[in-house]
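Both backbone and side-chain heavy atoms feed into the values below; hydrogens, waters and symmetry mates do not. All of these numbers come straight from a predicted model, not from anything done at the bench. Here is the naming used below: chain letters follow the sequence lines, and residue numbers restart at 1 for every chain.
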Amino acid sequence: MALINFLKKEIVSIVRDKFGLKTALTQFDVSPVPSNQPGHIGSNIAMYLAKELKKPPYVIGAEIAEALKLKEYAEDAVVIKPGYTNITLKNSYLKSELGKLFDNDDYFRNDFGAGKNVNMEFVSANPVGPLNIVSGRAAAYGDTLASIYSYSGFNVTRETYVNDFGRQMHLFALSLLARYLQLYGDDIAIPEEGYQGEYVTEIAKVMKEEKGGGFYTKMGRVTDLEKCPLYGEVREFGLKHVLNMQKSTLEKFGVKFDTWFSETSLHEKGEVDSAFKIINDKGLFYDKDDAVWFRTTDYGDDKDRVVKKNDGEFTYFASDIAYIQNKVKRGADLVINVLGPDHHGYVKRLESIMQGLGYDRERIKVIILQQVNLLEGGEKMKMSKRAGNFVSLDELLESVGKDAARYFFIMRSYTSHLDFDLELAKEASDKNPVFYVQYAYARLCNIFEKAKDAAKPEEYLSLESLGGLEKEETELVLSILTIPQFIMESAERDSPNWLTQAVHTLAGTFHTFYAKHRVVQEDRQAMLKRLYILSALKKTFEVTFEVIGITPRQKM
RNA sequence: GCGCCCGUAGCUCAGUGGAUUAGAGCGUCUGACUACGAAUCAGUAGGCCGCAGGUUCAAGUCCUGCCGGGCGCACCA
């Protein structure tokens with residue numbers, strides 16, 4: 001168990017012994033103390049107990065400090081101002097904690113998720129073109145959150161939904177067909193609402209290449225795109241091609257989905273009908289104006305929603321009912337949807353589905369990412385996929401690289417708008433904080449390179465005692481040991497940025513240490529001690545980099 | 001009009017179930033490479049935390065109202 005969690009439990013047990021409280025006691029804080037205060041780790045527990053115990057926090061804090069002092073891991077414990085209980089840990093204890101994180105990743109894991117299965121859906125773009133920067137935010141956020149959940153005791157499935165059923169797919173297929181015919185000189189236009197982007201022609205060229213001349217001949221003379229006899233094959237080709245493009249982009253971005261789930265498959269397998277039956281049996285459907293409506297207002301939505309249009313077609317919302325049912329049937333204890341800002345009206349609808357199907361509302365969590373604004377020359381760009389003037393994720397990756405792009409996307413809170421300055425990103429300079437963190441790692445690796453001849457890993461890793469610790473060393477050790485807590489809190493808050501901040505702080509603590517103390521040096525004891533601490537730091541960087549999806553570079 | 005999000009340093013943003021002196025990056029100014037990488041470090045300046053009430057021993061954080069900005073309110077996806 002990691003440091004903070006352990007101390008939390010210790011404090012709870014002390015409180016139980018001393019004051020005999022039965023309440024849960026989970027909401028108090030245990031965290032590193034500000035550097036200008038005495039002690040290593042502090043707690044505000046006394047403030048929480050003050051009301052219930054009817055005693056001043058300072059008095060309660062003092063009693064807890066007395067009890068903490070007696071613990072074998074404590075060097076000292078004091079009470080501060082309003083009632084903080086600050087504990088100073090023994091160096092021997094810090095050393096043994098560091099020792100725990102070498103073998104595997106367990107020290108960085110926590111059991112917040114208690115083994116629950118989570119279906120985490122993100123990106124879910126229409127399969128009608130290359131992924132853009134907006135999907136980039138979703139990809140970086142969703143993938144990182146999935147990692148954080150994995151480290152927090154959840155069993156996570158990364159999933160993306162392929163909207164291959166509706167009108168957009170149809171329009172795209174028609175556009176592709178038109179471009180294809182144009183390559184043969186046919187005078188036929190893209191549908192009015194079709195996709196104008198250059199990439200459609202590119203795909204048409206590939207199709208022409210792969211399908212060969214016979215395909216065009218077989219088509220006959222097409223005057224109406226809708227009536228083309230080979231429409232199905234064109235659509236199929238376009239879909240596959242676009243999905244492959246998206247997959248390869250995501251791969252470059254370090255994102256790999258476990259499942260690409262097809263909307264069409266829900267209809268083909270009759271899952272829409274069976275899910276409908278459940279809702280219908282509960283009397284949640286009704287007919288009005290020749291359409292079928294879902295009474296989502298029963299669950300707090302501001303209006304009821306159509307599931308089947310008056311022309312007999314299902315809506316997108318109808319697929320969603322089957323999709324959520326499908327996810328639950330596949331074993332999801334928790335369904336998470338990461339959506340863009342234009343979907344916030346969807347939250348209540350999705351919750352309604354979950355409840356309408358007979359499950360708890362808490363079984364679904366909808367996370368709305370706020371908007372990404374692209375800035376070029378300080379001006380906001382308006383993007384539209386149909387107009388074809390969007391910036392693709394591929395372009396972004398080419399100009400700034402995976403690490404900077406991912407880091408930039410997740411370092412902001414998901415509730416905040418994100419301004420993406422293209423020129424700044426293209427500079428790839430130290431204005432991007434990812435370099436700060438990666439530089440720390442490269443520097444660290446360099447030390448080990450220098451130390452290679454002076455000391456063997458067997459020697460410093462089997463160190464018995466750290467001896468005395470300088471201020472900067474202590475801070476570095478504490479910064480390392482609290483990372484697991486940040487991983488857990490990132491999961492609790494669905495906030496990867498909580499973790500990037502912690503990593504940034506960790507890097508900063510290391511840089512400060514580095515500037516003040518030499519590692520490879522004559523004082524052998526000091527060197528071994530520092531190599532020991534830095535080994536723990538190296539491991540910590542590697543694990544956190546893995547979680548946030550950036551590359552640990554030995555050289556930059 | 002209704003709903004979601006945002007308003008914190010010059011700019012871009014963090015800020016945890018209220019709590020130790022509100023933080024970081026960029027930009028400003030001043031210092032530090034003949035020692036493990038100066039993509040770094042040390043220091044400096046810069047804040048009525050949008051406004052007004054309320055709750056509390058304690059509010060950037062919770063409640064109410066207002067002001068400003070973004071986005072959404074389809075038998076589109």
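Following rounding to the nearest Å, Phe28(A) (CZ) and U20(B) (P) show an atom-to-atom distance of 17 Å. With rounding to whole Å, Leu49(A) atom CG is found 17 Å from C57(B) atom P. Put simply, CD on Gln371(A) is 15 Å from P on C5(B), counting in whole angstrom units. Rounded to whole Å, the distance from CZ on Phe510(A) to P on C36(B) is 13 Å. Computed from coordinates, the Lys555(A) NZ to C36(B) C1' distance equals 12 Å when rounded to whole Å. Atom CD in Glu193(A) sits about 12 Å away from atom P in A77(B), given to the nearest Å. Between the CZ atom of Arg137(A) and the C1' atom of C5(B) there is a distance of 11 Å, rounded to whole Å. At whole-Å resolution of the value, CG in Asp311(A) and C1' in A74(B) are 14 Å apart.
Taking the side-chain hydrogen bond (donor to acceptor under 3.5 Å, both in side chains) definition, one finds that Arg412(A) meets it with nothing, sequence neighbours left out. Scored by the ring pair (Phe, Tyr, Trp, His ring centres under 6.0 Å) test, His517(A) finds Phe513(A) as partners (sequence neighbours excluded). His344(A) is linked by a side-chain hydrogen bond (donor to acceptor under 3.5 Å, both in side chains) to nothing, counting only residues two or more places apart in sequence or in another chain. Taking the side chain to side chain contact (heavy atoms under 4.5 Å, CB included) definition, one finds that Asp111(A) meets it with nothing, sequence neighbours left out. Residues forming a salt bridge (charged side-chain N to carboxylate O under 4.0 Å, His left out) with Arg137(A) (at least two apart in sequence, or on another chain): none. Residues satisfying the side-chain hydrogen bond (donor to acceptor under 3.5 Å, both in side chains) test with Glu351(A), not counting sequence neighbours, are none.
Between Lys450(A) and A35(B) there is no side-chain polar atom (N or O) within less than 4.0 angstrom of OP1 or OP2. Taking only side-chain nitrogens and oxygens, Lys309(A) comes nearer than 4.0 Å to OP1 or OP2 of C76(B). At the phosphate of C71(B), neither OP1 nor OP2 sits under 4.0 Å from any side-chain N or O atom of Asn373(A).
Side chain of Gln168(A), nearest nucleotide from C71(B), C76(B), U12(B): C76(B). The side chain of His344(A) lies closest to C71(B) when the candidates are C73(B), G15(B), C71(B). Among the nucleotides C76(B), U20(B), G18(B), the one closest to any side-chain atom of Arg167(A) is C76(B). For Glu489(A), the listed nucleotide lying nearest its side chain is U16(B); candidates were U16(B), G72(B), A35(B). Which of C75(B), U20(B), A77(B) sits closest to the side chain of Asn126(A) comes down to A77(B).
Between A39(B) and G25(B), the two C1' atoms lie 14 Å apart (nearest whole Å). Atom P of C63(B) sits at a distance of 12 Å from the matching atom of C4(B), rounded to the whole Å. Between the P atoms of G50(B) and G68(B), the separation comes to 16 Å (whole Å). Rounded to whole Å, the separation between the P atoms of G3(B) and G60(B) comes to 27 Å. The C1' atoms of A22(B) and C48(B) are separated by 14 Å, rounded to the nearest whole Å. Nucleotides A58(B) and C41(B), compared at atom P, are 40 Å apart to the nearest Å. Across the C1' atoms, G15(B) and G47(B) are found 14 Å apart, a figure rounded to whole Å. Between C71(B) and G18(B), the two P atoms lie 33 Å apart (nearest whole Å).
For the pair Asp164(A) (side chain) and Thr264(A) (backbone), a donor-acceptor distance under 3.5 Å is present.
Shortest non-hydrogen contact noted between Asp494(A) and Leu145(A) is CA-CD1, 3.6 Å.
For the pair Arg295(A) and Phe285(A), the cation-pi criterion (under 6.0 Å, within 45° of the ring axis) is not fulfilled. Both tests pass for Lys327(A) against the ring of Tyr323(A): distance under 6.0 Å to the centre and angle within 45° of the axis.
Below 30°, between 30° and 60°, or above 60°: for Phe420(A) and Phe408(A) the angle between ring planes is between 30° and 60°, a tilted geometry.
Between Glu459(A) and Arg524(A), at least one side-chain N (NZ, or NE/NH1/NH2) sits under 4.0 Å from a carboxylate O, which counts as a salt bridge. The pair Arg167(A)-Glu193(A) counts as a salt bridge, with a side-chain nitrogen and a carboxylate oxygen less than 4.0 angstrom apart.
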Considering only nitrogen or oxygen atoms on both sides, find all protein atoms under 3.5 Å from nucleotides 40-45 of chain B and state each distance.
from, atom 1, to, atom 2, distance (Å)
U40(B), O2', Arg443(A), NH1, 2.8
C41(B), OP1, Tyr436(A), OH, 2.5
A42(B), OP1, Thr512(A), OG1, 3.1

Which atoms of nucleotides 30-34 of chain B (N or O only) lie under 3.5 Å from a protein N or O atom, and what are those distances?
none

Could you list all N or O pairs between the protein and nucleotides 58-61 of chain B that sit under 3.5 Å apart?
none

Using nucleotides 6-9 of chain B, report all nitrogen or oxygen pairs with the protein that are shorter than 3.5 Å.
from, atom 1, to, atom 2, distance (Å)
C6(B), OP1, Thr415(A), OG1, 3.4

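Glycosidic conformation of C66(B) is anti; the angle lies outside 90° of 0.
Nucleotides of RNA chain B nearest to Arg493(A) and Asn86(A) differ in position, and the one nearer the 5' end is that of Arg493(A).
Ring centroids of Phe545(A) and Phe541(A) are separated by less than 6.0 Å, placing the two rings close together. Taking the six-membered ring wherever Trp is involved, the centroid distance between the rings of Tyr414(A) and Tyr141(A) falls below 6.0 Å. Side-chain rings of Phe314(A) and Phe276(A) approach one another, their centers coming within less than 6.0 Å.
In the model, Tyr514(A) has no side-chain atom that pairs as donor or acceptor with a side-chain atom of Glu472(A) under 3.5 Å.
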Report task. Return one dot-bracket line describing RNA chain B 5' to 3' (Watson-Crick or G-U wobble pairs, both distances under 3.5 Å; ( ) same strand, [ ] crossing, | another strand, . none). Result -> (((((((..((((.........))))..((((.......))))......(((((.......))))))))))))....

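Among residues at least two apart or in separate chains, salt bridge (Lys or Arg N to Asp or Glu O under 4.0 Å) pairs with a member in residues 300-309 of chain A are Asp301(A)-Arg305(A), Asp302(A)-Arg305(A).
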Report task. May I have the step-by-step check of side chain to side chain donor-acceptor pair (under 3.5 Å) for Glu121(A) and Asn337(A), ending in yes or no? Result -> CA-CA 5 Å; Glu121(A) 181 197 331; Asn337(A) 282 65; 3.3 Å; yes

